[in-house]
Amino acid sequence: MSTLYAAIAVFAILATGVSIPAYAQIIDAITVTTDQDSYEDGDIITVTGQVRDRLSGYPVTLQVIAANGNLVTVEQIDVSEDKTYGVEITAGGALWRSAGTYTIKVLYGTDTRTAETTFEFAGSAPGGPSGKTFKIEGSDDLITYSIRGGKVISITPDIDAKSLIIEIETTSSNGGELTITLPRSVIDSRFGADGMSGEDQDFIVLVDGSELLDSPAEVSTSRDRTLTIPFEDGTTQIEIIGTWVIPEFGAIAVIILAVAIISIIAVTSRSRLNILPKY
């Protein structure tokens with residue numbers, strides 16, 4: 001009989017047009033989720049969730065625990081009127097060195113209102129995302145960069161175009177940002193006729209072949225120039241075009257080899273002339 005009564009009750013509720021809330025909304029006092037299952041160094045982790053009952057004056061306390069058990073992040077997040085919350089966290093830094101499974105724990109008001117989720121993280125390089133460098137052959141100066149939402153695959157000079165070609169792989173659906181410090185000994189952009197002197201002029205920046213509508217933010221010193229370049233998810237190439245770029249080591253080697261061959265030919269020809277009999 002109890003089953004029959006329950007069926008009649010459900011039918012009566014449906015007949016009145018009153019909606020029945022989702023099962024998870026009835027059971028879970030708070031939920032938490034991430035936009036991806038795994039992240040790389042410098043990626044943005046988007047954390048979202050909802051609460052069953054909104055408690056006035058209480059934020060959501062969020063903790064991120066590394067694979068080695070260390071607490072790496074703590075956040076206090078306000079709950080909106082529609083009972084949802086969210087925050088963006090940059091993956092990486094001194095406390096994020098450990099690779100493996102990371103845990104996000106959230107608490108709302110009391111110990112009975114808790115939830116957690118996990119994600120995989122590849123580990124952070126020493127010094128965090130900002131501690132990465134790249135050496136261009138033919139120069140002793142290092143290119144320093146940080147990247148959010150992606151990773152740099154290679155940086156190659158294009159001598160004919162007077163540019164640097166940066167191959168990247170995006171890791172976030174939200175896109176990202178590359179901040180790169182360019183030594184003037186590697187690449188520069190100036191008004192001088194030789195491309196190496198005169199007043200600074202803006203670099204031309206192409207993202208997958210399309211020029212940025214707005215010039216990237218820049219900080220300049222006498223030794224280098226730092227650009228901050230945004231990119232969208234799926235971007236594979238960023239090209240920075242200046243007025244001068246250092247030749248690759250391979251090109252220098254070809255020039256040196258050509259000069260050496262010419263010198264050898266000249267010396268050989270002179271030696272032959274010296275040993276010819278004189279009459």
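This is a predicted model, so every value here is computed, not measured.
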Under 3.5 Å, is there a donor-acceptor pair between the side chain of Lys83 and the main chain of Arg52? yes

Sort out for me which residue in Val106, Asp78, Thr48, Thr31 forms a side-chain contact (heavy atoms from CB on, under 4.5 Å) with Tyr85. Val106

Indicate if Leu107 and Ile65 have the same hydrophobic cluster label, given that clusters are the connected sets of ILVMFWY residues with side-chain heavy-atom separations under 4.5 angstrom. no

Would Ile77 and Ile45 show up in the same hydrophobic cluster when neighbours are defined by side-chain heavy atoms closer than 4.5 Å? yes

Hey, any chance Met196 and Ile143 share a hydrophobic cluster, counting ILVMFWY side chains that come within less than 4.5 Å of each other, even indirectly? yes

So with a 6.0 Å cut-off around CG of Asp82, is the heavy-atom count from everything else above 12? yes

Check for a donor-acceptor pair, side chain of Glu167 on one end and backbone N or O of Thr156 on the other, with a separation under 3.5 Å. no

Residue set satisfying side chain to side chain contact (heavy atoms under 4.5 Å, CB included) with Ile241, at least two apart, ordered chain then number -> Ser163, Ile204, Leu206, Glu239

Verify, without hydrogens or angle tests, whether Asp208 (side chain) and Thr236 (backbone) share a donor-acceptor contact under 3.5 angstrom. yes

Are any side-chain N or O atoms of Asp158 and backbone N or O atoms of Leu164, one a donor and one an acceptor, separated by less than 3.5 Å? no

With side chains defined as the heavy atoms from C-beta onward, is the minimum distance between Ile187 and Ile246 less than 4.5 Å? no

Evaluate side-chain hydrogen bond (donor to acceptor under 3.5 Å, both in side chains) for Ser98 paired with Asn70, printing each intermediate quantity in order. CA-CA 9 Å; Ser98 177; Asn70 289 342; over 6 Å; no

Heavy atoms of Pro216 and Val205 approach each other most closely as CG-CG2, 3.8 Å

So does Asp43 get a backbone contact from the side chain of Ser172, meaning a donor-acceptor N/O pair under 3.5 Å? no

So with a 6.0 Å cut-off around CG of Asp37, is the heavy-atom count from everything else above 12? no

Between Thr170 and Gly234 (side chain of the first, backbone of the second, donor and acceptor by atom type, cut-off under 3.5 Å), is there such a pair? yes

Treat each ILVMFWY residue as a node, draw an edge where side-chain heavy atoms are under 4.5 Å apart, and state whether Leu95 and Val64 are in one component. yes

Leu227 to Phe203 - nearest heavy-atom pair and separation: CD1-CD1, 3.9 Å

Side-chain touch Ile240/Ile229, heavy atoms, less than 4.5 angstrom: yes

Side-chain heavy atoms of Val47 within contact of Glu75, under 4.5 Å: no

Checking side-chain contact (heavy atoms from CB on, under 4.5 Å) for the pair Asp41/Trp96: CA distance, chi angles, key distance, verdict? CA-CA 9 Å; Asp41 193 15; Trp96 295 65; over 6 Å; no

Side chain to side chain, Lys151 and Ile168, heavy atoms closer than 4.5 Å: no

For Ala122 and Ala99 the tightest heavy-atom approach is O-CB, 3.3 Å

Is there a side-chain contact between Val152 and Leu178 in this structure, where contact means two heavy atoms from C-beta onward sitting under 4.5 Å apart? yes

Please round to the nearest 0.5 Å and tell me the distance separating atom CD of Gln201 and atom CZ of Phe191. 4.5 Å

To the nearest 0.5 Å, how far apart are OG1 in Thr171 and CD in Gln36? 7.0 Å

Please name the pair of heavy atoms, one in Arg190 and one in Gly198, separated by the smallest distance, quoted to 0.1 Å. NH1-O, 3.2 Å

Main chain of Glu218, side chain of Arg225: is a donor-acceptor contact present, judged purely on distance under 3.5 Å? no

Would Ile180 and Leu142 show up in the same hydrophobic cluster when neighbours are defined by side-chain heavy atoms closer than 4.5 Å? no

Do Leu182 and Asp224 have side chains that get closer than 4.5 Å, going by heavy atoms? no

What pairs of donor and acceptor atoms, side-chain ones from residues 114-121 against any protein atom, are under 3.5 angstrom apart with sequence neighbours left out?
residue : atom : partner : partner atom : Å
Glu120  : OE1  : Thr101  : OG1          : 3.3
Glu120  : OE2  : Thr101  : OG1          : 2.6

Going by side-chain hydrogen bond (donor to acceptor under 3.5 Å, both in side chains), name the pairs with one or both residues in residues 178-187, residues two or more places apart or in two chains. Asp141-Ser185, Thr179-Thr228, Thr181-Thr226, Arg184-Asp188, Arg184-Asp200

Dump the intermediate steps for side-chain hydrogen bond (donor to acceptor under 3.5 Å, both in side chains) on Thr61 and Gln76, then the final yes or no. CA-CA 5 Å; Thr61 300; Gln76 295 282 317; 3.0 Å; yes

I need the Ile30 CD1 to Arg113 CZ distance, nearest 0.5 Å. 9.5 Å

Heavy-atom side-chain proximity of Phe134 to Ile166 below 4.5 angstrom: no

